[in-house]
Amino acid sequence: MARLETLKKLETTLESFLDRLIASEPGQPDFCRELETLGDIKRDSLRGRHINSRLGNWFARNNNFWEGSKLQDSEIADISNMLREIKKGLDDSDPESKKLSDEIAHWHENRVIPGRKLVLKKKQSENQSGISEKFTELLNKEAEYFSKALDNKKHLLSLLDDVLKSAEAKEDPMFIHLAGSIIYYLKMRGYKVGPFVKRLKEIEEIKLGTSHVE
Amino acid sequence: MSNETGVSYSRAIQALKERNYTGAAGFLKAAENQFADNLEFRILSATAGLLLAVKEEINKLENSPR
């Protein structure tokens with residue numbers, strides 16, 4: 001009985017000690033949660049989903065987040081990259097999106113997050129070997145996007161619909177190329193792709209000013 | 001700190017706040033490589049481990065035939 005009582009006293013002491021230790025923890029875990037949330041917002045943005053209210057809330061929560069925080073360069077770079085990706089998907093003609101886009105720019109201006117380094121390069125002729133590397137880069141980027149999009153195990157037709165929505169909403173021509181690639185694959189497998197081809201043609205005409213889809 | 005490790009640490013703290021010590025032990029384990037040199041983390045992890053062992057022993061004693 002004495003042993004049990006001793007153990008129970010030890011249990012209470014340890015619980016109390018842990019409670020006090022946790023209470024003195026700095027804000028780091030909150031930051032990790034916020035980093036995770038921003039990652040979710042970025043993923044949904046890449047899938048063409050509406051993220052404005054969540055992003056707005058994220059900014060509201062983290063407005064003074066940086067004061068006194070001890071973030072490492074890699075963590076700041078993570079946030080910077082995610083916000084940059086999210087900004088690409090924001091449509092500045094929509095007032096709400098424009099406000100969010102301005103907020104991201106504001107963070108860059110105030111050095112909360114670093115701006116992209118300006119690298120000046122001589123434009124290469126596409127006849128040079130660079131075109132092959134660019135194509136490889138595009139395929140890798142598409143593969144990376146696609147592996148993330150496959151997380152929720154959607155059918156390829158649903159993924160194609162997401163890609164077309166992203167192609168409509170974003171400036172990145174990768175989505176147009178990826179949509180074309182998926183459509184061609186589905187066509188080879190015997191799927192009826194007429195409506196998707198029509199949608200892609202319309203998007204291509206709006207975004208690129210011409211259509212290459214036949 | 002990688003994002004994944006940071007998230008494990010964050011979840012461990014949350015679990016400890018909720019007094020979910022078994023869950024916390026799992027998350028602390030996932031974060032331990034990154035925090036091997038962090039004294040505060042090691043104290044936290046060791047205390048949580050000791051508390052779990054104490055609880056297990058109490059459980060055994062309370063359920064053992066008298």
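By convention in this document, chain letters (A, B, ...) are assigned in the order of the sequence lines, proteins followed by strands, and residues within each chain are numbered from 1. For the numbers below, each heavy atom of this structure counts, side chains included, while hydrogens, waters and symmetry mates do not.
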Are any of the side-chain heavy atoms of [X] and [Y] separated by less than 4.5 Å?
X       : Y       : value
B/Leu51 : A/Phe17 : no
A/Lys8  : B/Val54 : no
B/Lys55 : A/Glu15 : yes

How long is the gap from [atom1] on [X] to [atom2] on [Y], to the nearest 0.5 Å?
X       : Y       : atom1 : atom2 : answer
A/Glu5  : B/Ile58 : CD    : CD1   : 11.0 Å
B/Tyr21 : A/Leu14 : OH    : CG    : 9.0 Å
A/Leu18 : B/Lys17 : CG    : NZ    : 13.0 Å
B/Glu57 : A/Leu10 : CD    : CG    : 11.0 Å
A/Leu7  : B/Asn59 : CG    : CG    : 11.5 Å
A/Ile22 : B/Ile13 : CD1   : CD1   : 4.0 Å

Original post:
In this structure, are over 12 heavy atoms from other groups packed under 6.0 Å from B/Glu56 atom CD?
Top reply: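 No, because the 6.0 Å sphere around CD of B/Glu56 holds 12 heavy atoms or fewer from other groups.
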Subject >> Where B/Leu61 and A/Arg3 come nearest, the two heavy atoms and their spacing >> reply: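 B/Leu61 and A/Arg3 have their closest heavy atoms at CD1-NE, 3.9 Å.
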